[in-house]
Each structure stands twice: as structure tokens, then as C-alpha cells.
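Below, each value reflects all heavy atoms present in this structure, side chains not excepted, and no hydrogens, waters or symmetry copies. Nothing here was measured: the structure is a model prediction, and the numbers come from that model.
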Amino acid sequence: MTALQPLPSARARSPAVELAIVAPTFNEKDNVAELTTRLEQTLHGIPWEIVFVDDDSPDGTAEVVVELAQLRPNVRCLRRIGRRGLSRAVVEGILATTAPYIAVMDADLQHDETLLPKMLARLRQGDLDIVVGSRYATGGSIGAWKSSRAAMSRWATAISRLVVTADLSDPMSGFFMIRRDAFLRAVRNLSGEGYKILLDIFASSSTPLRFVEISYTFRSRRAGQSKLDSAVMWEYLMLIADKRFGHILPARFIMFSVVGLSGVAVHMASLGLFYEVVRTGFGVAQTIATLVAMTSNYWLNNLLTYHDRRRRGFRFVTGLLSFYAICSVGVVANVGVASFVFHEHYRWWLAGVAGAIVGTVWNYAASAIFTWRGR
């Protein structure tokens, strides 16, 4: 069978794309056109395309990209509906292009697009798998970051050593260029958790990645608002947990259990408050403390563990009611199993642990299915 050849007219009109830029977006409508213009100025003479991966932004980012794509054939919009998460957006964007080289960068103009030709030139030499834009290499800078954000970045970098052995100065970078074959060696092992896809790629590659870092200065955001919130570091910890223990337990289960431990503290504090201070009866105090702990666990899990499936508005209330129902069954299972183990003449603490494990597993599995099921 003869292999298909591109039509001469098509070959002359549109050379094969050598470089694809994948830019995840959420509420970036005021930045996408400016980023595209800057790329046109920087990548002159290089066959390139940009894939904006938009998580159904309520500000109309996808619509702006579609309008842009009508004028520029190398602009593409990959719109994700019902899905969230920067790392997974990057993965989908890379898999949606056939370019041999892929750059990942934010759409908020904080990354230095003028470095892309230099990154591409390094990869073309064939002795590297990935080129990383580093804020911490000699000559780099974090720009106008607040001291609190800088401290958080240093802490996260130190924690990254638990899963990445490569001597990266900036494993938290969101600006890099990678060969397609190198990405494909890692893609099936990726966690997809959180925001730090570079860290995930290095930790998931079946062979050590050959890399070099290029310094750059992190810019201030041009328009829109930062996506950093209280859940970002939690999702980062989920990524670390998944890469360290994911072969044993799901990362969400580990984080769900951590939240459960915080619920024990909330329960005991509430019990002491109502029994010792308010002077209610023990049964009333225990009931109130149980409801308070359930509510605390639900709120934290909704905010952190299931950040990508967060329930809002009326769905927050219905989710809370379903969580109450699920945890009530979990309490029965906990007590039942603990009582059975205890009456089989095992030590009391072992019976308690057995009951707690069964209750936690039930709460996690049932809430994942009924409370935070993916839409």
C-alpha cells in the first residue's frame, strides 16, 4: 500500500507545524490576543501554532479565542466543559497537537516568550529532552513577588525533592519546552494532580530526562486576576502524595483521611465546648459535635480534596445533606466492625483502628460516588 502524500497545494500553503505552544486559560480573555501578537513577533520564520486550552471560562475567553482563530489559522481553541485542572489541561493540549516540539506557558504574559526560539534551538540539537525556564538559575528572578509567595515557592521547591532527583533549580516552573517523544515516555504515568505539570513529568518519565535550564525574569500579570488560592498548595501536596504513595493508596484518599483527622480535633473541641462550657447533656453535646465535625470535613473536602469538583450554591447544600447521610452510615459501619473485632478478643485499640479504617473507606468511596461524582 502506498503511503498518502500531502497535496502539493496544501504543502505549499501550510508548512508542517514544528512548534506548538500550549497555554491553559481560565478567565484570560484580555490576554490571549496580546500573547498571540507577541508570539507572531517572536517566532517569525518558525512554523508554529498555539493551542489555548480553556476550562469553560465564564468571562468568555473561549469565544475570544475562536474569533481570533477565524483570523489566524495557527490559533486553536480546545474547550473543556465539566473538567478542571491546569495539569490535565496541559496534557490534553499536548495530545491535541502533532508538533514535534511543545512549549508550555501561561496565557497571562508572565512568562518570557522571547526565549522560545532559544529553547527550540537547544532542542533541535538533539541532545536534550526538555528546556526549562528557570526563575532561580543565575540571571533569573521572581520579579515583584510578595515575600509570602516567595517563601511558599521555596518551601514547595524543597518538598519537590521527595519525588524528583534531577538537579533542577526551579522544578515548580510552568514555562518549558519538551520534545514530543520525551513527553510520551511520561504521559501514561502522569498523576495529573494540581498545577505543577513539569514536576509531574520529571517524576513520571520512564527514563531520566536530559535537560537544561534557561534563566528568565517572572513578569507581573498584565490583566485579569491570579489563579493562586488556598487550594493550590493543597493540590500540590496531592501531587507529591500521589507520586510517593499512589501505587499504594489514591492521593485523594490520603488527603481525605488528613481532613478526617482534622475533623477529630474539631469534634473534640466542640464536645468540650458544649459539655463543659454550655453545660448541655453529654448526648446532646456529642450529637452537636458530630454534626459540626461532619460539616467541617465536608467544607474542607469540598474546598481542597475535591477542588476540581467543588460544589457551589444550592449544590453545596445538597452535597452537605448527602455527606451527612453517607457519614451516618459510616458511623454505623465503624461501630459495628469495632464491636465485632473487640468481641473476637482483640485489643480495644486494634478494634477501634479497624472500625475507623472501615468507616473512612466507606465515607471516601461513597462520597466520591454520590457527593463529588464527576459531571
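For the pair Ile130 and Arg179, the minimum side-chain heavy-atom distance is 4.5 Å or more. Using a 4.5 Å cut-off on side-chain heavy atoms (C-beta onward), Tyr136 and Ile142 make contact. Looking at heavy atoms from C-beta onward, Pro117 lies in side-chain contact with Thr42 at the 4.5 angstrom threshold. Inter-residue side-chain proximity for Val131 and Phe176 is flagged as unmet; no heavy-atom pair is nearer than 4.5 Å. The shortest distance between side-chain heavy atoms of Val259 and Thr305 falls below 4.5 Å. Considering only heavy atoms from C-beta on, Val75 stays 4.5 Å or farther from Glu49 through its side chain. The side-chain heavy atoms of Asp112 and Thr217, taken from C-beta on, include no pair separated by under 4.5 Å. In this structure, Ile178 and Ile201 have side chains that are in contact, with non-hydrogen atoms separated by less than 4.5 Å.
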Note to self: Could you walk me through whether Ser204 and Arg185 satisfy the side-chain hydrogen bond (donor to acceptor under 3.5 Å, both in side chains) test, starting with their C-alpha distance in whole Å, then the side-chain angles of each, then the deciding distance to 0.1 Å, before giving a yes or no?
What the structure shows: CA-CA 8 Å; Ser204 303; Arg185 291 201 300 269; over 6 Å; no
Check: Hey, mind stepping through Phe175 and Val132 against side-chain contact (heavy atoms from CB on, under 4.5 Å) and telling me if it holds?
Finding: CA-CA 6 Å; Phe175 180 37; Val132 179; over 6 Å; no
Next item on the list: Evaluate the criterion side-chain hydrogen bond (donor to acceptor under 3.5 Å, both in side chains) for residue pair Ser134 and Ser169; output intermediate values, then yes/no.
Entry: CA-CA 7 Å; Ser134 172; Ser169 68; 2.7 Å; yes
Next item on the list: List the steps and the verdict of side-chain contact (heavy atoms from CB on, under 4.5 Å) for Val187 and Val91.
Entry: CA-CA 8 Å; Val187 65; Val91 172; 4.1 Å; yes
Notebook entry, point to check: Can you list the steps and then say if Arg219 with Glu113 is a salt bridge (charged side-chain N to carboxylate O under 4.0 Å, His left out)?
Noted result: CA-CA 11 Å; Arg219 300 167 177 161; Glu113 73 285 342; 2.8 Å; yes
Margin query: With salt bridge (charged side-chain N to carboxylate O under 4.0 Å, His left out) as the criterion, how do Glu63 and Lys29 come out once you've worked through the C-alpha distance, each side chain's angles and the decisive distance to 0.1 Å?
Written below: CA-CA 8 Å; Glu63 287 78 5; Lys29 70 173 184 177; over 6 Å; no
Next item on the list: Using the side-chain contact (heavy atoms from CB on, under 4.5 Å) rule, take Val317 and Arg311 through it: C-alpha gap first, then chi angles, then the decisive distance, then the call.
Entry: CA-CA 8 Å; Val317 178; Arg311 302 177 72 104; over 6 Å; no
Item checked: Residues Tyr298, Tyr324; criterion ring-ring contact (aromatic ring centres under 6.0 Å, His included); working and verdict -> CA-CA 9 Å; Tyr298 171 76; Tyr324 282 158; 7.9 Å; no
Item checked: Derivation and outcome, side-chain contact (heavy atoms from CB on, under 4.5 Å), residues Leu116 and Leu43 -> CA-CA 8 Å; Leu116 293 174; Leu43 299 175; 3.9 Å; yes
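Hydrophobic clustering of Ile, Leu, Val, Met, Phe, Trp and Tyr side chains at less than 4.5 Å, counting indirect connections, unites Leu120 with Leu39. There is a path of hydrophobic side-chain contacts, each under 4.5 Å, that joins Tyr306 to Leu304. Val329 is not connected to Met294 by any chain of hydrophobic side-chain contacts under 4.5 Å among Ile, Leu, Val, Met, Phe, Trp and Tyr, and they are in different clusters. With hydrophobic clusters built from ILVMFWY side chains whose heavy atoms lie under 4.5 angstrom apart, Trp299 shares a cluster with Leu291. Hydrophobic clustering, with ILVMFWY side chains joined whenever heavy atoms are under 4.5 angstrom apart, groups Leu209 together with Leu184.
One finds no salt bridge joining Arg80 and Asp54 here, because no Lys/Arg side-chain nitrogen approaches an Asp/Glu carboxylate oxygen to under 4.0 Å. Taking 4.0 Å as the cut-off between side-chain N and carboxylate O, Glu40 and Arg72 count as a salt-bridged pair. The pair Glu34-Arg38 counts as a salt bridge, with a side-chain nitrogen and a carboxylate oxygen less than 4.0 angstrom apart.
Phe211 has its ring centre less than 6.0 Å from the ring centre of Phe202. Taking the six-membered ring for Trp and the full ring otherwise, the centers of Phe323 and Trp372 sit less than 6.0 Å from each other.
The structure places CD1 of Ile326 at 13.0 Å from OH of Tyr364, a figure rounded to the nearest 0.5 Å. Atom CZ of Arg79 and atom CD of Glu92 lie 14.5 Å apart (nearest 0.5 Å). Taken to the nearest 0.5 Å, the CG atom of Asp170 stands 9.5 Å off from the CZ atom of Phe218. Atom CG of residue Leu273 and atom CZ of residue Arg279 lie 11.5 Å apart, to the nearest 0.5 angstrom. If you take OG1 on Thr36 and CG on Asn74, they are separated by 8.0 Å, rounding to the nearest 0.5 Å. Residue Ile288 holds its CD1 atom at 4.5 Å from CZ of Phe274, rounded to the nearest 0.5 Å.
If you check the side chains of Thr371 and Ser322, you find a donor sitting under 3.5 Å from an acceptor. There is no side-chain donor-acceptor pair under 3.5 Å between Ser57 and Glu28. A donor-acceptor contact closer than 3.5 angstrom is absent between the side chains of Thr97 and Arg180.
Remark: Asp127 engages no residue in a side-chain hydrogen bond (donor to acceptor under 3.5 Å, both in side chains) (not counting sequence neighbours). Annotation: side-chain hydrogen bond (donor to acceptor under 3.5 Å, both in side chains) contacts of Asn363 (sequence neighbours excluded): none.
Phe52 pairs with exactly one of Leu78, Val64, Val65 by the side chain to side chain contact (heavy atoms under 4.5 Å, CB included) rule, that one being Val65.
What you find for Gly263 and Ala293 is that their closest heavy atoms are O-CB, 3.5 Å. Closest approach of Met119 and Gly133 over heavy atoms only: CE-N, 3.7 Å. Across every non-hydrogen atom of Arg310 and Arg315, the tightest pair is O-NH1, 4.1 Å. A pairwise comparison of heavy atoms in Pro24 and Val90 identifies CG-CG2, 3.5 Å as the closest pair. Nearest heavy-atom pair across Thr360 and Ser257 is CG2-OG, 3.8 Å. Between Pro208 and Asp129 the shortest heavy-atom distance is O-OD2, 4.1 Å.
Around the CZ atom of Phe340, the shell of radius 6.0 Å holds no more than 12 heavy atoms that belong to other residues, nucleotides or ligands. Counted within 6.0 Å of CH2 on Trp362, heavy atoms from surrounding residues, nucleotides or ligands total 12 or fewer; the atom is thus considered open.
Remark: the backbone N or O of Asp108 is not paired with any side-chain donor or acceptor of Asp106 at under 3.5 angstrom.
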